[in-house]
Amino acid sequence: MGASDFLTILTIGVAVWTVIPKKEKRFYLLFFSNLELGSLVFGILFLHFLMEFNWIEANWIPSLNFFRLPGGIPANKWAYFLALILIVYPFWKVFYGYFPKSNKDELIEYYQFLLNEKEFDLLIECIQKYHLEFIYSYLKYCSKIREISNMEIVLKRNSASDDEYSRLIDNKKIGIGALVYDQILKRGSLISDTSSKYPYVFSKVISGMESRKVADKDFVYNYLEVLLKSLNHELIEELKRLDDSFDSINERLENTELPIMSALFAFKDAAIQNHPWMPIGEVVIKSLKYDITQIDFLKRDHDYDIEEETWNYPIRSGVVFFDYMVRESIYNNWGYHMWMFYFRSFIPLLIHVSPEENYPENGGETPKFSHFFIKEIFNRMFGWIELEIELGEPNEGVSEVDESLQVFTLSEKENAESLEGTNTAVDDEVSDFNIIDTIRCLGQCFQAIFKASEDQIPRKLKLNLLERMVQFYCDYSLNETNPACYEAVRVLGQFFLNPKGVDFGSPEITNEYRSLLDEVWDEFDKEPFSYHGHGWILKKFENEILIPLGIFNQ
């Protein structure tokens, strides 16, 4: 193949360039600095000169013979090599090279143009191919840079952290990636319009957030809100895989991929600071209030054969998400309840949508799907207590919980009064944190169903849920040498005496509650305790719970 063949190919390349859409043509040009573009233009002109060297020498400039060397490479061979370079270099630059620093402002301007034009697919494709890995590296390395002290901020002193950060973004690829993240990828409109289609792009970014310093709760809020509202397939599939087991997410990662959930809960400080409970909780609350399709489904008769259909509604995904979020906190001894208290907002709304019917006493616990989810939520909370007991010695070595992170959302304001007077960071040892808050949450959820009429919540469901609490009290009393069991029994005792407040506030004991607890105790299987010589547990429950409540007489 001669140089003329390469010239033909180059001509075809120029022709192809002319038919490339203007938007993409502008993008490809960003790979080249002004110097490189000038060099390419000069190279094309020089190539043409070499191709015509013999003719120019013979007809125009005979003195060009000066450049000929005996045994030297002919001009057409030089043209061959130059044509090869001119063809290969642009392809190498686009497919294997990177943008020059001098073009970073133009690159951001181009991405902003694509965003404004709603060319989301092209924009995400560019970010995923050229920047995503470096955005991840940027966040990961920023997480490890020591935070600047207050004194350094006051003195405006250039610290070692500043120098380390400067060296980080001085890397061309990471520096441009940081700009793309801050000015493009964090835009709420982009997240809203693309995260459901490209969930793994955004989960990759979140996985790089390893500390509170680089966490971004607005980014996570917008992302999770979109995923749950759209019932994103990838998120639902991950939740389904988690829901068939009680292992921690880290243990499940050994056998299955969970890019979304693992990104959210891989690192404690970032997980807490990102507030993942807020978007999930808010979407579920709004759906229970305004999603007519979901409300109509919740009013349907419960049928085990169609339980799989519950995944078509936010309530199912929200409950499973909250369950695993709190379980991760317990598994990893974070000493933080991940706002399990959203459940106390779910229960009254589920009660509200439950149709009023005359439920027979000998009927099932969950005649409607709303009752099914009420029972599901309680079972999840029961599971948290069981997990804490199973793990044995609870959290140690942690002296306090960051109270500033425990912020009420708009949906929680109506319940804020019920938490008045609690200061878990001061009053409670973190080793008991999860048990105490779980039982507090259970108490407020129980209070809601105790107050509901039996035309909305079947009495059998109330009795069976309350019976589980009595069973916990008696079972854990057998092993009070385990600190977790001892704490569970102590707080359960407070629960029975004051379900609404547990360990604060004045008790609100109704005749309906006394009637339920009396019936539960009457039907409770006491034989195993009496038979094995543990009758003292039964007597303790009667003396410390039933007699003070006026259910038994001394």
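Along the sequence shown, the residues carry numbers beginning at 1.
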Closest contact, heavy atoms only, [X] versus [Y]:
X      : Y      : value
Arg241 : Leu258 : NE-CD2, 3.9 Å
Ala263 : Ile206 : O-CG2, 3.6 Å
Trp311 : Ser317 : CE3-OG, 3.8 Å
Trp277 : Met325 : CB-CE, 3.5 Å
Leu239 : Val320 : O-CG1, 3.8 Å
Asn171 : Ile174 : OD1-N, 3.1 Å

Main chain of [Y], side chain of [X]: is a donor-acceptor contact present, judged purely on distance under 3.5 Å?
X      : Y      : value
Tyr165 : Ile145 : no
Ser192 : Gly188 : yes
Arg327 : Leu387 : no
Ser287 : Val284 : yes
Glu238 : Met261 : yes

Could you give the distance from [atom1] ([X]) to [atom2] ([Y]), rounded to the nearest 0.5 Å?
X      : Y      : atom1 : atom2 : result
Ser345 : Leu288 : OG    : CG    : 10.0 Å
Asp105 : Ile176 : CG    : CD1   : 10.0 Å
Leu114 : Phe120 : CG    : CZ    : 10.0 Å
Met209 : Cys142 : CE    : SG    : 11.0 Å
Asp291 : Ile285 : CG    : CD1   : 14.0 Å
Leu123 : Tyr110 : CG    : OH    : 8.5 Å

Is the closest side-chain heavy-atom distance between [X] and [Y] below 4.5 Å?
X      : Y      : result
Val205 : Phe219 : yes
Asn312 : Phe297 : no
Thr310 : Ile315 : no
Val220 : His275 : no
Leu264 : Ile249 : no
Asn332 : Ser248 : no
Leu253 : Asn250 : yes
Val326 : Thr438 : no

Could you list the residues that satisfy salt bridge (Lys or Arg N to Asp or Glu O under 4.0 Å) with [X], not counting sequence neighbours?
X      : result
Glu109 : Arg26
Lys229 : Glu225
Lys101 : Asp170
Arg380 : Asp243, Asp323, Glu376

Applying salt bridge (charged side-chain N to carboxylate O under 4.0 Å, His left out), which residue pairs with at least one partner in residues 174-194 are found, sequence neighbours left out?
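As it turns out, the salt bridge (charged side-chain N to carboxylate O under 4.0 Å, His left out) pairs with a partner in residues 174-194, which skip direct neighbours, are Asp182-Lys186, Lys186-Asp216.
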
Residue pairs fulfilling salt bridge (charged side-chain N to carboxylate O under 4.0 Å, His left out) with at least one residue in residues 199-211, sequence neighbours excluded
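Salt bridge (charged side-chain N to carboxylate O under 4.0 Å, His left out) check on residues 199-211 returns Glu133-Lys204, Lys140-Glu210, Lys144-Glu210.
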
Excluding sequence neighbours, so at least two apart, what forms ring-ring contact (aromatic ring centres under 6.0 Å, His included) with [X]?
X      : value
Tyr130 : Phe27, Phe31, Phe99
Phe134 : Tyr98
Tyr138 : none
Tyr111 : His131

Partners passing side-chain contact (heavy atoms from CB on, under 4.5 Å) against Ala215 (at least two apart in sequence or in another chain)
Ala270, Gln273, Asn274

For [X], look at atom [atom1] and say whether over 12 heavy atoms of other residues, nucleotides or ligands are found less than 6.0 Å away.
X      : atom1 : value
Glu257 : CD    : no
Lys104 : NZ    : no
Glu106 : CD    : yes

Run the side chain to side chain contact (heavy atoms under 4.5 Å, CB included) test on Ile260 and Tyr223 for me, step by step, so that the C-alpha distance in whole Å, both residues' side-chain angles and the decisive distance to 0.1 Å come before the verdict.
CA-CA 11 Å; Ile260 298 174; Tyr223 173 61; 3.6 Å; yes

Which donor-acceptor pairs under 3.5 Å do the side chains of residues 194-202 make with protein atoms, sequence neighbours left out?
unit_1, atom_1, unit_2, atom_2, d
Thr194, OG1, Leu190, O, 2.5
Ser195, OG, Ile191, O, 2.6
Ser196, OG, Ser230, OG, 3.0
Ser196, OG, Asn232, ND2, 3.4
Lys197, NZ, Asp121, OD1, 3.1
Lys197, NZ, Asp121, OD2, 3.3
Tyr198, OH, Asp121, OD1, 2.7

Kindly say whether the aromatic ring centers of Trp384 and Phe343 come within a distance under 6.0 Å.
yes

Before we go on, tell me: are the rings of Phe322 and Phe346 under 6.0 Å apart, centre to centre?
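Centroid separation for Phe322 and Phe346: below 6.0 Å.
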
Step by step, would you call Glu119 with Phe113 a side chain to side chain contact (heavy atoms under 4.5 Å, CB included)?
CA-CA 9 Å; Glu119 293 283 351; Phe113 166 75; over 6 Å; no

Under a 4.0 Å threshold between the charged nitrogen and the carboxylate oxygen, would Lys240 count as salt-bridged to Glu308?
yes

Apply side chain to side chain contact (heavy atoms under 4.5 Å, CB included) to Leu242 and Phe321, showing your working.
CA-CA 9 Å; Leu242 288 171; Phe321 185 96; over 6 Å; no

Pair Val283, Lys286 - check side chain to side chain contact (heavy atoms under 4.5 Å, CB included), show working.
CA-CA 5 Å; Val283 170; Lys286 289 175 183 176; 5.9 Å; no

